[in-house]
Protein chains: 2
Amino acid sequence: MEETPESTPRKRISESTIHRLSLYFRALSLLEKENYETVSSKELAKREKLTPAQVRKDLSFFGSFGTRGLGYPVTELKARVSRILGIDRVWRVALIGIGNIGSALVSYKEFIKQGFHIVKLFDNDQRKIGSNHKGIIVSDIKNLKTELHEDNIEMVVIAVPATVAQYIVDDVVEANIKAILNFAPINLKVPPDVHVRNENMAMELEYLSFAMVNNHMPKGAGKN
Amino acid sequence: MEETPESTPRKRISESTIHRLSLYFRALSLLEKENYETVSSKELAKREKLTPAQVRKDLSFFGSFGTRGLGYPVTELKARVSRILGIDRVWRVALIGIGNIGSALVSYKEFIKQGFHIVKLFDNDQRKIGSNHKGIIVSDIKNLKTELHEDNIEMVVIAVPATVAQYIVDDVVEANIKAILNFAPINLKVPPDVHVRNENMAMELEYLSFAMVNNHMPKGAGKN
DNA sequence: ATCTACATGTGAAATGCTTCACAATAGGTG
DNA sequence: CACCTATTGTGAAGCATTTCACATGTAGAT
């Protein structure tokens with residue numbers, strides 16, 4: 001049979017597909033631990049509450065990784081998915097804002113597991129600057145631009161209050177960073193070539209609230 | 001002109017619309033602080049990087065809140081959106097797992113602001129049980145079921161390791177809780193009438209990673 | 001060698017979501 | 001009052017995503 005290497009696809013891949021790739025990755029990691037050699041789209045779908053057709057279609061955007069009658073080879077597919085997601089490498093990440101959220105993220109295991117290494121911390125609070133968090137010394141945010149550059153940072157996580165987030169992002173953008181994960185509940189303005197993803201933890205609680213007061217049935221209810 | 005009270009709509013509201021309601025709410029809160037009396041769909045859209053048509057369509061699912069030629073009354077629309085989302089009230093929330101993430105969430109301001117009151121904490125670690133976090137004493141997870149019930153908890157936030165999350169959720173479900181926000185990177189199995197929303201912070205970094213290695217243009221790039 | 005069971009990969013259909021475009025209408029101006 | 005500008009609310013069109021359904025292919029059993 002022919003090798004089909006995963007490749008950058010011609011068509012634009014949807015946001016949902018990319019998010020599902022993350023789900024496949026985590027399911028495959030587990031399957032690998034459980035010593036599965038192959039897995040069907042059906043099983044993969046069941047584990048992440050998706051449909052088999054969706055799993056197959058998602059994967060098919062990137063190549064043809066399975067064997068008819070058998071399914072997908074777990075270890076190999078995991079490697080391919082991690083390659084597609086770009087997490088088959090280490091990313092150098094800086095974290096700005098060592099408050100509640102920031103402190104939690106420094107020790108967040110899932111980041112490390114997936115190659116996101118927080119190697120730099122920034123804050124503006126004199127009591128925090130110079131202190132040590134998990135082996136990293138907190139830098140003064142005044143030196144943001146120069147230090148981001150000197151340390152070859154590729155991604156930045158913003159965990160500062162909404163009121164100052166935009167000013168900080170402006171500096172981050174000037175430091176030529178192209179990927180920002182934002183925890184501040186505000187819409188950041190950046191140039192068109194900078195990627196921003198927002199993490200808004202209250203939003204999902206609001207969704208639950210909405211669902212409760214509107215008897216919104218959970219997705220997939222009544223399918224089993 | 002006629003009053004159009006917001007009402008539970010006939011059609012199923014999409015997940016994206018609900019999430020955008022959260023964005024409208026936060027934009028309106030800001031506009032209110034800035035003493036705007038009215039706001040157009042155009043301005044609202046600009047502030048949250050959406051399109052005016054989308055704003056109008058989203059709102060129209062719930063009623064007719066604006067005035068042609070003028071826009072929407074800020075304070076009133078905010079009140080209506082918060083009512084639609086069910087955040088015009090207090091929700092009694094329990095938080096399970098007082099690790100990195102859990103500790104951060106106890107002090108997370110956005111929750112309180114929107115009516116999500118964490119009134120109960122649980123952990124299984126003897127060193128943590130009995131300790132005081134922001135005025136709340138950590139309970140033993142052994143008493144989960146009874147205490148959730150006795151304290152009229154309506155929502156639960158799960159911030160425990162993935163390996164034990166399912167066991168805990170089983171108890172939560174038995175305690176008749178219908179809304180769960182899950183921070184563990186695992187797909188929780190629950191009965192069809194229980195709402196689960198997942199918060200996976202690594203997922204958004206993976207998206208950024210994908211975007212970077214695939215020169216995936218940011219959404220909306222080239223529109224300005 | 002043939003048959004059966006299983007499962008992928010994929011066009012095409014179905015469904016869902018977003019954007020368009022315009023009638024309706026409010027408010028201001030002369 | 002007539003007119004002009006601004007902006008909503010909404011069917012309908014356009015576009016995107018999901019699901020269907022089946023041809024294709026593999027492995028194992030007899």
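We use all heavy atoms of the structure for the numbers below, so side chains are in, but hydrogens, waters and symmetry mates are not.
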Does [X] have a side-chain nitrogen or oxygen under 4.0 Å from the phosphate oxygens OP1 or OP2 of [N]?
X	N	answer
A:Arg20	D:dT18	yes
A:Thr51	D:dT19	yes
B:Gln54	C:dT19	yes
B:Ser64	D:dG9	yes
A:Tyr72	D:dT26	no

Rounded to the nearest angstrom, tell me the gap between atom [atom1] in [X] and atom [atom2] in [N].
X	N	atom1	atom2	answer
A:Glu15	C:dC17	CD	P	14 Å
B:Ile13	C:dT15	CD1	P	19 Å
A:Phe62	C:dT10	CZ	C1'	16 Å
B:Phe61	C:dC17	CZ	C1'	8 Å
A:Arg56	D:dC22	CZ	P	14 Å
A:Glu37	D:dT26	CD	P	19 Å
B:Leu70	C:dG28	CG	C1'	10 Å
A:Glu43	C:dA7	CD	P	10 Å

Using heavy atoms to find the nearest nucleotide of DNA chain D for A:Asp58 and A:Gly69 separately, return the residue whose nucleotide is more 5′.
A:Asp58
Among A:Asp170, A:Val172, A:Asn182, A:Val196, exactly one meets side chain to side chain contact (heavy atoms under 4.5 Å, CB included) together with A:Val190. Which residue is that?
A:Val196
Measure from NZ or CZ of B:Arg47 to the centre of the six-membered ring of B:Tyr36 and say whether it is under 6.0 Å with the direction within 45° of the ring axis.
yes
Taking only Lys NZ, Arg NE, NH1 and NH2, and the carboxylate oxygens of Asp or Glu, determine whether A:Arg92 and A:Glu154 approach each other closer than 4.0 Å.
no
With rounding to the nearest 0.5 Å, note down the distance linking CG in A:Leu59 to CG in A:Leu77.
5.5 Å
If you check every side-chain atom of B:Thr67, which of D:dT8, D:dG9, C:dA26 has the closest atom?
C:dA26
Closest of C:dA7, C:dC17, C:dC20 to the B:Ser14 side chain is C:dC17
Is a side-chain N or O of B:Ser209 found less than 3.5 angstrom from the main chain of A:Leu85, in a donor-acceptor match?
yes
Does B:Arg68 make a side-chain donor-acceptor contact with the base of D:dT8, cut-off 3.5 Å?
yes
NA contact type, A:Ser41, heavy-atom cut-off 4.0 Å: base, sugar-phosphate, or nothing?
sugar-phosphate
What contact category does B:Lys57 fall into here, base, sugar-phosphate, or nothing, at under 4.0 angstrom with non-hydrogen atoms?
base
